[in-house]
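Single-structure report; data block below.
Each chain gets a letter, A, B and so on, in the order the sequences are listed, and its residues count up from 1.
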Amino acid sequence: MKVEKKKRKRAAQEEEEEEEDGELGDLYFRGIAAYFVETGIQPRRLQIWKQKLLQLGGVVEDHWSEHLSHVFAASVETVTDKCGRRKLKKSKTNVLKYTWIEDCLKAGKCLPIDSYVLDILPENRSVSRNSTENSGLRDNAPEKAVSSSLQKLTSSERATTSDWMQIINEGGEMGVVSKGLHKKETEGVCVNCEGGLHNTQGASSEEDCDMKNEAEASSAELAPARDAAPGPVDSLKNEPEAGYTPPNLNAHITGPFSEIKDIYKEALGDDRRAFSYYKALSVLEKVPFKITSVNQIKGFPTIGKSLMESIHEILSTGRFSKLEHLKNDNKVRVLALFGSVWGIGPATAQRLYDKGLRTLEELKTDNTLTPPQRIGLMFHNDIITKIPRHEIKEMEAIVQKSGSELCPGISIMCGGSYRRGKALSGDMDFVITHPDGHSHTGFLHELVRKLKSEDFLTEDLRIGIEHSTEGTDHGVDTWFGLCKYPGREMRHRVDFKVYPFDQYPFGLIAWTGNDILNRRLRLLAEAKGYSLDDHGLYPIVTDANGGKVKLSVSVPCKSECEVFEKLGFPWLEPHERNL
DNA sequence: GCCC
DNA sequence: CAGTACG
DNA sequence: GGGCCGATACTG
């Protein structure tokens, strides 16, 4: 009985869903029998498209045959390569660009195929002439603009879905990025990248990563903050003034997700779950349209069953019961509050709660807090306040000026979310090195002392090793603490990391992030028999006993680009690393 | 939490 | 050692 | 059902 009822209820609910989604819920791919030319497509995207085609009533075939209704491909070349120009010409199969599927999914209905047809021209090799009529987008053109167009797009006219899809599906890079790609294209790109690692499965966007550019970038990166003038010197031409932060059209979802992510991480200590929300919201905030139905995001990476249900709830009721439930729990609220203090994590929060403490004011009376935690508490409000980009730029200039006064030729640049182009940052991460390979030694101590004397740096939170010259450490100095924007008492979090020159590219990558990218790179490294961290890329070998041993010598890389390349990961400009 |  | 932090 | 970054690096 009850079961029956429930069933009916669910059925009714599902009908309701269909209702409110209107035509969106229809199986608008019904009747389609499709074959996918996989060449040049990220496996991840392919998987999603196939899945969605099936979900929405279509049929996916393993092989090409003439009775298919549709063939999808990235370009004319790939499809003719696979199926043969003649046979295609003869059959009535619609040969379409993949973007058709993406646009259909976005529109929530079956779109006219006109502008997506890949013309199979007789024996003429001309390619670019096809289907350019209404949009400037040719088969492989969109791949170029990628995120830069994504950033700007408020409307989606210029943004092919493939732009954001590509970004969103970044997760698929692990496999064969572009197995069909002519490897030659990337050969000789980095002359000094003698084949350290296996196959360099080059990605198409590699032109950005040639020696010239990198040399340029490198010299730019390393351009010492010349004496005073921070002005046009601007060693960091990396960073675009406008700021690359794209508009988030789905704050109604990412807001609550971000909250629950913080609770899971800082209050409950469920890192895994928190990371799942984190990844999901980084996907959601890049979707270039306002999500109104879960159907629009069916099959998206990092968004599984549970998150789908949550999103549906938010869309249909405007509420997120899971979050409400947590926030109604007073204990959870206190734990989250305590956990938001720098230096206090879930365990300490719990301990303090168990002591009966409930507010930050009460926390101040606690004598078990460590000095860093005490500072974190004292400036709690300051620290959680985001810093505008232009202020960071000024403070970077301050640090660079003092730095080069102290040590000419020193390279100091602000990484982190600032380097990734964000308009607001939670803190500043300075990555430091010296091209001569030795002058960095002992520099940090001096720098910190000087900046303190200038009343820029204020409190210490964490002090790294006193540059030991022994073999165990990597000779990397670190300093975490607080600073003041000139003329203002508010404190901001600052990190300094000083790297020997040969480790600098690894440090720069690591401290530019984001964390998702770091994890992916490290995972990728591991899959290829290496271990990656912020000071090197180390081969893993098997010793006589069959045990895994990390070699102590890193694969040499003299630029970020080279690290990407040796890992076979498509190059990303800093502002493209907001995965 | 997601994904294999 | 556990806990916390960093991207 | 098991993995999920780092043989992280620092604090106490």
Nearest to side-chain heavy atoms of A/Arg519, which nucleotide of C/dC6, D/dT11, C/dG7:
C/dG7
Can a side-chain donor-acceptor contact be found between A/Gln350 and A/Asp354 if the only test is distance below 3.5 angstrom?
yes
Distance, P atom - from B/dC4 to D/dC5, rounded to whole angstrom:
15 Å
Check every strand shown and say whether A/Asp429 touches a base, only sugar-phosphate, or nothing at a heavy-atom separation below 4.0 Å.
sugar-phosphate
For D/dA7 and A/Ser531 - does any side-chain N or O of the residue sit under 4.0 Å from the phosphate oxygens OP1/OP2?
yes
The side chain of A/Glu526 lies closest to which of these nucleotides: C/dC6, D/dG12, D/dG6?
D/dG6
Would you mind reading off the distance between A/Leu523 atom CG and B/dC3 atom P, rounded to a whole angstrom?
15 Å
Among C/dC6, B/dG1, D/dT11, which is the nearest nucleotide to the side chain of A/Ser306?
B/dG1
In whole Å, measure the gap between the C1' atoms of C/dA5 and D/dG6 for me.
12 Å
B/dG1, C/dT4, D/dG6: which one has an atom nearest the side-chain heavy atoms of A/Pro346?
C/dT4
Can you tell me how far P of D/dA7 sits from NZ of A/Lys550, to the nearest Å?
4 Å
Taking only the side-chain heavy atoms of A/Val549 (C-beta and beyond), determine which of D/dA7, B/dC3, C/dC6 contains the nearest atom.
D/dA7
If you apply the rule side-chain contact (heavy atoms from CB on, under 4.5 Å), what do you find for A/Met413 with A/Glu396, and how did you get there?
CA-CA 7 Å; A/Met413 79 180 225; A/Glu396 182 187 39; 4.0 Å; yes
At less than 4.0 Å, is any side-chain N or O atom of A/Thr348 found next to OP1 or OP2 of C/dT4? Yes or no.
yes
Separation of C/dG7 C1' from A/Arg520 CZ (nearest whole Å)
14 Å
Does A/His535 have a side-chain nitrogen or oxygen under 4.0 Å from the phosphate oxygens OP1 or OP2 of D/dG6?
no
Sole residue of A/Leu572, A/Asn578, A/Leu579 in side chain to side chain contact (heavy atoms under 4.5 Å, CB included) with A/Glu576:
A/Leu572
Spacing of A/Leu482 atom CG relative to C/dA5 atom C1', expressed in whole Å:
14 Å
State which of C/dC6, D/dC4, D/dG12 makes the closest approach to the side chain of A/Pro371.
D/dG12
Could you please spell out the steps behind the side-chain hydrogen bond (donor to acceptor under 3.5 Å, both in side chains) verdict for A/Tyr418 and A/Asp429?
CA-CA 8 Å; A/Tyr418 171 78; A/Asp429 308 286; over 6 Å; no
Heavy atoms from C-beta onward define the side chain here; which of D/dC5, C/dG7, D/dT11 lies closest to that of A/Ile463?
D/dT11
Looking for any heavy atom pair under 4.0 Å, which part of the strands does A/Leu532 touch: base, sugar-phosphate only, or nothing?
sugar-phosphate
Within a strict 4.5 Å, meaning less than it, do heavy atoms of the A/Met490 and A/Thr385 side chains meet?
yes
What's the closest nucleotide to the side chain of A/Trp342 if the choices are C/dA5, D/dG6, B/dG1?
C/dA5
Kindly point out which of C/dG7, D/dA9, D/dG6 is positioned nearest to the side chain of A/Asn518?
C/dG7
At less than 3.5 Å, do the side-chain atoms of A/Arg272 and the base atoms of B/dG1 form a donor-acceptor pair?
no
Return the nearest nucleotide to the side chain of A/Ser276; candidates are D/dT11, D/dG6, B/dG1.
B/dG1
Any side-chain heavy-atom pair from A/Leu551 and A/Val541 closer than 4.5 angstrom?
yes
Has the side chain of A/Arg462 got a donor or acceptor atom sitting under 3.5 Å from an opposite partner on the base of D/dC10?
no
Between A/Gln400 (side chain) and A/Ile412 (backbone), is there a donor-acceptor pair under 3.5 Å?
yes
Nucleotide C/dG7, atom C1' - distance to CZ of A/Arg419 in whole Å
12 Å
Just the rounded figure in Å: distance from C1' of C/dG7 to NZ of A/Lys497.
10 Å
Could you tell me how far D/dG3 sits from C/dC6 if I compare only their P atoms? Round to whole Å.
28 Å
What nucleic acid atoms does A/Leu517 come within less than 4.0 Å of, heavy atoms only: base, sugar-phosphate, or nothing?
nothing
What is the distance, rounded to the nearest whole Å, between atom OH of A/Tyr277 and atom P of B/dC3?
13 Å
What is the distance, rounded to the nearest whole Å, between atom CZ of A/Arg493 and atom C1' of C/dG7?
12 Å
So A/Val431, base contact, sugar-phosphate only, or nothing? Heavy-atom distance under 4.0 Å.
nothing
May I ask you to verify whether the side chain of A/Asp515 and the base of C/dG7 hold a donor-acceptor pair under 3.5 Å?
no
